[in-house]
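Step one of this worksheet: look at the structure below.
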Amino acid sequence: MCKIEGITVKIRKIDFSHQGKMGLHLEDGRQLFVPLSMFPDIKRLTKEEQKKWRVLDDIYFDFDIPTLSKVFSVEEAMCL
């Protein structure tokens, strides 16, 4: 398990502009790029579905589409 102690993390933006990667842009200016292969549910989304992301409670995110009802977290991306 990965622990993030004493660090405030807030998602500002999610993008898929780097081929095969998901970019998480944080409020403090940090950027995380993780391979989509680590998130097969997200990798299967169409380009249009990937644009429907939304932030839930600063560190959690999901996609506003009926075929994917899973909630993801920044911690999952940081601890891969």
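Heads up: numbering here begins at 1 and tracks the sequence.
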Point to revise | Criterion side chain to side chain contact (heavy atoms under 4.5 Å, CB included) on Glu49 and Leu68, from CA distance to verdict | key: CA-CA 10 Å; Glu49 289 172 331; Leu68 182 62; over 6 Å; no
How long is the straight-line distance from [atom2] of [Y] back to [atom1] of [X], given to the nearest 0.5 Å?
{"X": "Gln31", "Y": "Asp28", "atom1": "CD", "atom2": "CG", "answer": "10.5 Å"}
{"X": "Lys10", "Y": "Ile59", "atom1": "NZ", "atom2": "CD1", "answer": "11.5 Å"}
{"X": "Leu26", "Y": "Arg12", "atom1": "CG", "atom2": "CZ", "answer": "8.5 Å"}
{"X": "Ile14", "Y": "Phe63", "atom1": "CD1", "atom2": "CZ", "answer": "5.5 Å"}
{"X": "Ile11", "Y": "Asp58", "atom1": "CD1", "atom2": "CG", "answer": "8.0 Å"}
{"X": "Ser73", "Y": "Asp57", "atom1": "OG", "atom2": "CG", "answer": "11.5 Å"}

Check your understanding: Thinking salt bridges, do Glu48 and Lys51 make one under a 4.0 Å N-O criterion?
Key -> yes
Exercise for review: Under the side chain to side chain contact (heavy atoms under 4.5 Å, CB included) rule, what do Phe72 and Asp41 come out as? Steps first, then yes or no, please.
Suggested key: CA-CA 10 Å; Phe72 303 92; Asp41 293 329; 4.2 Å; yes
Which atom pair, heavy atoms only, marks the closest approach of [X] to [Y]?
{"X": "Lys13", "Y": "Trp53", "result": "CA-CH2, 3.6 Å"}
{"X": "Val74", "Y": "Phe61", "result": "N-CE2, 4.4 Å"}
{"X": "Lys52", "Y": "Ile65", "result": "CD-CG2, 3.7 Å"}
{"X": "Ile42", "Y": "Gln50", "result": "O-NE2, 3.7 Å"}

Review point. Quick check: are there more than 12 heavy atoms from other residues, nucleotides or ligands sitting under 6.0 Å from OH of Tyr60?
Key: no
Exercise for review: Check ring-ring contact (aromatic ring centres under 6.0 Å, His included) between Phe33 and all other residues, then give those that pass, not counting sequence neighbours.
Suggested key: His18, His25
Practice item. Apply salt bridge (charged side-chain N to carboxylate O under 4.0 Å, His left out) to Asp62 and list each qualifying residue two or more places apart in sequence or on a separate chain. Key: Arg54
